[in-house]
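Below is one structure, written out as structure tokens, with a few remarks after it.
Values reported hereafter were calculated over all heavy atoms of this structure, with side chains retained and with hydrogens, waters and symmetry mates removed. Throughout, a chain's letter reflects where its sequence line sits, starting with A, and its residues are numbered from 1.
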Number of protein chains: 2
Amino acid sequence: METKGFEHHDHHHCIATSLRTAEEACKAQGLQFTPVRRRVLEILLDEHRAMGAYDVLDVLRKEGLGSQPPVAYRALDFLVANGFAHRIERLNAFVACAAPGERHAPCFLICRACSAVAETPGRRASDALRAAAGELGFKVERVAIEAEGLCPACVEADA
Amino acid sequence: METKGFEHHDHHHCIATSLRTAEEACKAQGLQFTPVRRRVLEILLDEHRAMGAYDVLDVLRKEGLGSQPPVAYRALDFLVANGFAHRIERLNAFVACAAPGERHAPCFLICRACSAVAETPGRRASDALRAAAGELGFKVERVAIEAEGLCPACVEADA
DNA sequence: CCGCGAACGTTATATCATAACACACACGAT
DNA sequence: ATCGTGTGTGTTATGATATAACGTTCGCGG
Ligand SMILES: [Zn+2]
Ligand SMILES: [Zn+2]
Ligand SMILES: [Zn+2]
Ligand SMILES: [Zn+2]
């Protein structure tokens, strides 16, 4: 998996690929990739940053796709449950998954200065956590690993 | 005996020690360990579980120590800022620190069945995270590591 | 046709958190 | 001694996030 948060990239391409991946995954698993769900994923991909449910809802409203909180929350829950997006606990916000389809323990780097969010593989951290939990007899089902600090650009600006 | 993390322990003793540690740390650092702050820490220690700010506030209200949200939030913020308590993002809740005074990267194991919360050293996971972040030029300042799953007791009950 | 489950639309409400301002008090400087 | 200043507290009001509950629609298999 590639980290996208702090680097330039071909964004049109990355949107198209993610959407197609989601579409195919839904078809393969018999999930309904409905217009609202699709559009919410598009919105997250467009912005390429962490968005609150109400931010997403604002966009849906303007487009006549839904006007009440449950519409946004249901679509977001679907995307999160199926690995197309992640919830960032620290921000009460959502972000499109940078590597949909791959089984992974996401790990987020959140810049406190510019609010950029990068998803990076958290496999090592996740393994360490599972090991520690296992020693206590705790059965880990989901892991949230989130770091707050300064992104490369803001570290420079700070200095 | 109550449950600390997932194990039994001498709870009266653990409350007393934690309170004393906080008291001494405040004195040493010139921080004000005011009645409200002290009482809030006691409340978190008493319950020995994750509590919402409003849960804490309910107790304060009954005791005439404060009746409005800012009172609870201010005290909790103080305790968190100084390492006497932690905030659990996943639960929007607070818990007394299990190792006050020691510099540590806390890591939480949250049981989805019984809501028990254990704090465990997250040093290995935290180190792994910092290493991954460092490769990207990200400067980590704070880390939140939270696992959701089944505690030992609930794993057994489940089987 | 009917029963069912999944998604959606809507209303209302629950839950979590902070802005803003007034007051009290401790403490060091004038 | 008085004044300014910083810090903590009390209070009102509001903002931000999230879900309960119920009715409607629609496709699908019995
Ligand atoms: Zn992109
Ligand atoms: Zn930044
Ligand atoms: Zn205890
Ligand atoms: Zn449990």
Side-chain angles (χ1 to χ4, degrees), chain A residues 22-23 26-27 29-41 43-44 50-82 84-95 110 112 115 144 146, chain B residues 22-23 26-27 29-41 43-44 49-82 84-95 110 112 115 144 146 148:
Chain A
E23 206 164 300
C26 284
K27 185 177 284 182
Q29 299 174 247
L31 301 170
Q32 300 185 45
F33 199 45
T34 65
V36 178
R37 291 172 177 176
R38 180 190 189 92
R39 185 64 192 125
V40 169
L41 179 54
I43 291 166
L44 291 180
M51 296 181 76
Y54 282 72
D55 296 333
V56 171
L57 182 56
D58 283 344
V59 179
L60 292 179
R61 266 206 193 102
K62 282 173 194 147
E63 301 175 354
L65 266 174
S67 63
Q68 301 305 320
V71 173
Y73 279 103
R74 285 196 284 236
L76 288 166
D77 287 349
F78 170 86
L79 296 173
V80 169
N82 294 287
F84 307 131
H86 299 292
R87 178 183 166 82
I88 301 182
E89 303 293 346
R90 174 100 188 96
L91 305 175
N92 293 329
F94 301 83
V95 69
I110 304 162
R112 68 167 160 80
S115 297
E146 303 175 4
Chain B
E23 207 164 298
C26 284
K27 186 178 284 183
Q29 300 174 245
L31 301 170
Q32 299 186 44
F33 199 45
T34 66
V36 177
R37 292 170 176 177
R38 181 191 187 89
R39 186 63 192 124
V40 169
L41 179 54
I43 291 166
L44 291 180
R49 63 183 175 87
M51 296 182 76
Y54 280 70
D55 296 333
V56 172
L57 182 56
D58 283 344
V59 179
L60 292 179
R61 265 207 193 103
K62 281 173 194 148
E63 300 173 356
L65 267 174
S67 62
Q68 301 304 321
V71 173
Y73 279 103
R74 286 196 283 235
L76 289 166
D77 288 348
F78 170 87
L79 296 174
V80 169
N82 295 287
F84 306 132
H86 299 292
R87 178 183 166 83
I88 301 183
E89 303 293 346
R90 174 101 188 94
L91 304 175
N92 293 330
F94 302 83
V95 68
I110 305 162
R112 69 167 159 79
S115 296
E146 302 176 3
E148 186 173 324

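A donor-acceptor contact under 3.5 Å links the side chain of A/Tyr54 to the base of D/dA18.
Considering only the side chain of A/Val71, C/dT10 comes nearest among D/dG8, C/dA19, C/dT10. Among the nucleotides D/dA18, D/dT12, C/dA7, the one closest to the side chain of A/Phe94 is D/dA18. Distances were taken from every side-chain heavy atom of A/Arg37 (C-beta onward) to each of C/dA7, D/dA20, D/dT9; the shortest belongs to C/dA7.
Counting to the nearest Å, the C1' atom of C/dT18 and the CG atom of B/Asp77 are 10 Å from each other. Distance A/Gln68 CD to D/dT19 P: 16 Å, rounded to the nearest Å. Distance, B/Leu76 CG to D/dT9 C1': 15 Å, rounded to whole Å. In this structure, CG of A/Leu60 is placed 15 Å from C1' of C/dT10, rounded to the nearest angstrom. Between the CG atom of B/Asp58 and the P atom of C/dC16 there is a distance of 11 Å, given to the nearest Å. Going from atom CG of A/Asn92 over to atom P of C/dC16 covers 11 Å, rounded to whole Å. For B/Tyr73 and D/dT17, the OH to P distance is 13 Å, given to the nearest whole Å. Straight-line distance from the CZ atom of B/Arg61 to the C1' atom of D/dT11: 12 Å, rounded to whole Å.
Remark: B/Asp58 engages B/Arg61 in a salt bridge, criterion side-chain N to carboxylate O under 4.0 Å.
When each of A/Arg87 and B/Phe78 is assigned the nucleotide of DNA chain D bearing its nearest heavy atom, the one mapping closer to the 5' terminus is B/Phe78. If you find the closest nucleotide of DNA chain D to B/Pro69 and to B/Gly64, the one lying nearer the 5' end belongs to B/Gly64. Heavy-atom nearest nucleotides on DNA chain C were determined for B/Arg74 and for B/Leu91, and the one closer to the 5' end corresponds to B/Leu91.
Atom-to-atom distance recorded for B/Ile110:CD1 and B/Ile88:CD1 is 5.5 Å, nearest 0.5 angstrom.
Inter-residue side-chain proximity for B/Leu44 and B/Arg49 is flagged as unmet; no heavy-atom pair is nearer than 4.5 Å. Annotation: side chain of A/Leu60 is in contact with side chain of A/Ile43 (closest heavy-atom distance under 4.5 Å).
The aromatic rings of A/Phe33 and A/Phe84 lie perpendicular to each other, with more than 60° between the two planes, well past the 30° mark.
In this model, the phosphate group of C/dT10 is approached by a side-chain N or O of A/Ser67 to a distance below 4.0 Å at OP1 or OP2.
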